[in-house]
Amino acid sequence: KLMADDKFKAVDKVVFEIAGLLDGTLRNAARSVQFEELELDYLKNWLNKEKDPFLGSVIAQILGMREIEVPEKVVDGEDND
């Protein structure tokens, strides 16, 4: 099994490199657009119906729905009252 894992590391690398490039481009492009509430509702409806995962990612990025919440780190000895 180890040989198979090593064999596909190059494939993994290519996929992650392309994903990183697309993600950066998508995030930068989405920063520059502003929509009114009605337009955002339209995009949400479109997202619910969209079958193309790439278009879904574009719409989700514009709506701010691709962000993953990172839990806050609790530092020992820190008082968070």
Side-chain angles (χ1 to χ4, degrees):
K1 181 172 173 150
L2 182 59
M3 289 178 75
D5 290 344
D6 289 341
K7 182 177 181 180
F8 295 110
K9 282 184 180 180
V11 174
D12 292 350
K13 183 179 177 187
V14 169
V15 169
F16 286 116
E17 285 177 0
I18 292 171
L21 290 170
L22 291 173
D23 182 63
T25 300
L26 183 57
R27 287 176 188 277
N28 286 329
R31 280 188 200 146
S32 65
V33 293
Q34 298 290 325
F35 290 108
E36 295 177 7
E37 197 63 36
L38 187 59
E39 294 168 321
L40 292 172
D41 289 341
Y42 169 79
L43 285 170
K44 288 175 187 174
N45 288 331
W46 183 0
L47 180 59
N48 288 332
K49 298 174 190 173
E50 185 54 56
K51 292 183 181 4
D52 182 319
F54 187 74
L55 281 178
S57 292
V58 170
I59 296 166
Q61 182 66 52
I62 290 170
L63 293 170
M65 298 172 74
R66 286 189 66 235
E67 304 308 318
I68 299 170
E69 288 188 33
V70 178
E72 289 186 33
K73 238 183 179 178
V74 177
V75 178
D76 288 339
E78 188 175 294
D79 191 351
N80 291 330
D81 288 326

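Quick note: residue numbers are just sequence positions, from 1.
Follow the hydrophobic side-chain contacts under 4.5 Å out from W46 and you never reach L38; the two are in separate clusters. Cluster annotation: F54 is not connected to V15 through the hydrophobic network of ILVMFWY side chains, with a link wherever side-chain heavy atoms come within less than 4.5 Å. Neither F16 nor F8 shares a network with the other; the hydrophobic side chains, linked directly or stepwise wherever heavy atoms of I, L, V, M, F, W or Y lie under 4.5 Å apart, form separate groups for each. Residues L26 and F35 share a hydrophobic cluster, clusters being chains of Ile/Leu/Val/Met/Phe/Trp/Tyr side chains in contact below 4.5 Å. Following chains of ILVMFWY side-chain contacts shorter than 4.5 Å, one cannot reach L40 starting from L55, and the two form parts of different hydrophobic clusters.
Annotation for G56 and L47: closest pair O-CD1, 3.4 Å, computed over non-hydrogen atoms.
Listed by first and then second residue, the salt bridge (Lys or Arg N to Asp or Glu O under 4.0 Å) pairs that reach into residues 18-47 are D23-R27, D23-R66, R27-E67, sequence neighbours excluded.
Take V14 and apply the side chain to side chain contact (heavy atoms under 4.5 Å, CB included) test, not counting sequence neighbours, and it matches I18. Remark: A29 pairs with no residue by the side chain to side chain contact (heavy atoms under 4.5 Å, CB included) rule, at least two apart or across chains.
To the nearest 0.5 Å, atom OG of residue S32 and atom CD1 of residue I62 are 9.0 Å apart. Atom CG in N28 sits 9.5 Å away from atom CD in Q61 (nearest 0.5 Å).
Few gaps surround CD on E17; more than 12 heavy atoms of other groups in view lie less than 6.0 Å from it.
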